[in-house]
Amino acid sequence: NGASGGVGTFAVQIAKSMGAEVTGVCSTRNVEMVRSLGADHVFDYKKENYTESGNQYDLIVDMVGNHSLSANRRVMAPDGTMVLVGGAKGDWFAPLSGPIRAMLYSPFVDQTFVVLLARIDRDDLQVLSDLMQSGRVTPVIDRSYGLSDVADAIRYSEEGRARGKIVIADVYESDFDWPEGTEITQLRIVQLFPKTTPAHNEPNIGMGAQSLARGVVGTVPVEKDGSV
């Protein structure tokens, strides 16, 4: 659920690379994109509700949190697992309500409910790198911003409409002493994770780049005209 977002586009491809039969849930404008990533079936949430489909899923990965746990249980296999990655929209409690309910709910039902907390693991990153090198996983980048446009990038991220990843691209840095006249031929791609001010749920851009949690996700070639 949320197959067209920054996490969902990876989840679809990783699951498919592991041999799973994959069903994605997204909006109308993203249906074909999710299919192109390898999804076998796609629900357009504006037209149909996957929790009322009568299907049975061994695993549900939820990036949105817009359906109750009991609704999801209707389409989970008896020993199925649901992984909560994202939460409902709102300030403070709303995003945490799903994970809290899952922890309270899980001991009393046969299915398993898991809250995903991201962590950096070298082995996992190596697996992801291998999948990308082999072409089985391709990052979907919606928009790329320069460092001078960080505020715009955060505002766009806050809209919740991104297809895939939003990245900040700054010139590749190196300690190497480049000869005069050398052209820069790569960009460092930096993933953007916006932080928000608790009181107003507005982008915290006062601290500039320091208000971002950033991670280098790769490099891409730069054309002679400066495009990527």
Side-chain angles (χ1 to χ4, degrees), residues 1-28 30-31 33-35 37-125 127-128 131 136-137 140 157 160-165 193 196 198 201 213:
N1 186 21
S4 61
V7 177
T9 50
F10 273 93
V12 168
Q13 295 179 85
I14 292 171
K16 194 62 183 176
S17 74
M18 294 181 174
E21 181 178 349
V22 179
T23 297
V25 181
C26 61
S27 64
T28 307
N30 294 321
V31 167
M33 186 264 284
V34 171
R35 280 204 182 101
L37 297 176
D40 301 286
H41 317 281
V42 182
F43 281 100
D44 178 351
Y45 69 74
K46 294 187 176 182
K47 299 178 180 179
E48 49 194 347
N49 184 344
Y50 76 93
T51 67
E52 298 175 352
S53 66
N55 297 336
Q56 292 279 284
Y57 300 106
D58 297 306
L59 173 67
I60 295 177
V61 182
D62 187 11
M63 271 70 70
V64 184
N66 59 340
H67 295 288
S68 68
L69 299 181
S70 58
N72 277 284
R73 279 197 68 208
R74 290 199 297 264
V75 291
M76 292 173 65
D79 58 349
T81 299
M82 181 175 180
V83 179
L84 288 81
V85 180
K89 294 182 179 179
D91 295 333
W92 292 106
F93 180 72
L96 297 176
S97 60
I100 291 173
R101 289 191 182 99
M103 289 186 288
L104 296 175
Y105 201 49
S106 192
F108 301 100
V109 296
D110 293 330
Q111 292 101 335
T112 302
F113 293 84
V114 179
V115 179
L116 178 66
L117 298 176
R119 63 179 182 178
I120 297 176
D121 183 285
R122 182 172 182 175
D123 292 337
D124 289 344
L125 291 176
V127 171
L128 184 58
L131 289 172
R136 287 180 289 173
V137 171
V140 177
S157 178
R161 302 282 293 171
R163 306 172 69 185
K165 294 292 186 183
F193 301 92
T196 56
N201 198 31

#### Entry: Gap separating the CG atom of Asp58 from the CG atom of Asp79, nearest 0.5 angstrom
7.0 Å
### Summary
Interatomic distance, CE@Met76 vs CE@Met82, rounded to 0.5 Å, equals 7.0 Å
### Query
Any idea which heavy atoms bring Lys46 and Ser27 closest together, and the distance?
CE-CB, 4.1 Å
### Task
Give a yes or no answer on whether the side chain of Asp44 reaches the backbone of Thr28 with a donor-acceptor pair at less than 3.5 Å.
yes
### Message
Checking Arg74 now: which residues fulfil salt bridge (charged side-chain N to carboxylate O under 4.0 Å, His left out) with it, not counting sequence neighbours?
### Response
none
### Task
Of all the heavy-atom pairs spanning Ala39 and Val12, show the shortest one and how long it is.
N-CG1, 3.9 Å
### Task
Look up atom CG in Leu116 and atom CG in Leu84, then write down how far apart they are to the nearest 0.5 Å.
9.5 Å
## Note on the structure
Gly65 and Asn1 have their tightest heavy-atom pair at N-ND2, 4.5 Å
#### Entry: Considering all heavy atoms, the nearest Asn30-Ser4 contact
ND2-OG, 3.1 Å
### Query
Can you check side-chain contact (heavy atoms from CB on, under 4.5 Å) on Ile60 and Val75, steps first, answer last?
CA-CA 9 Å; Ile60 295 177; Val75 291; 3.9 Å; yes
### Message
Nearest 0.5 Å, please: how far is SG in Cys26 from CZ in Arg163?
### Response
9.0 Å
### Query
Where do Pro78 and Asp110 come nearest, in terms of heavy atoms and distance?
O-CB, 3.6 Å
#### Entry: Pair Val22-Gln13, side-chain contact (heavy atoms from CB on, under 4.5 Å): steps then yes or no
CA-CA 9 Å; Val22 179; Gln13 295 179 85; over 6 Å; no
### Message
Quick check for you: to the nearest 0.5 Å, what is the distance between Arg73 atom CZ and Thr51 atom OG1?
### Response
13.5 Å
### Query
Any side-chain heavy-atom pair from Thr9 and Met33 closer than 4.5 angstrom?
yes
### Task
State, yes or no, whether a side-chain contact exists between Ser53 and Glu48 at a heavy-atom distance under 4.5 Å.
no
### Query
Listed by chain and number, what are the side chain to side chain contact (heavy atoms under 4.5 Å, CB included) partners of Val7, not counting sequence neighbours?
Met63, Val85
### Other residues, nucleotides, ligands: >12 heavy atoms within 6.0 Å of Leu125 CG
yes
### Message
According to ring-ring contact (aromatic ring centres under 6.0 Å, His included), does anything in residues 39-58 pair up with another residue at least two apart or in another chain? List the pairs.
### Response
Tyr50-His67
#### Entry: Value rounded to 0.5 Å, distance of CG in Leu128 from CG in Asp121
11.5 Å
### Message
Do Val25 and Val34 make a side-chain contact, defined as non-hydrogen atoms from C-beta onward lying under 4.5 Å apart?
### Response
no
### Minimum-distance pair of heavy atoms, taken over all atoms of Gly24 and Ala3
CA-CB, 3.8 Å
### Message
I want to check something: taking the side chain as every heavy atom from C-beta on, are Val140 and Leu37 in contact at a cut-off of under 4.5 Å?
### Response
yes
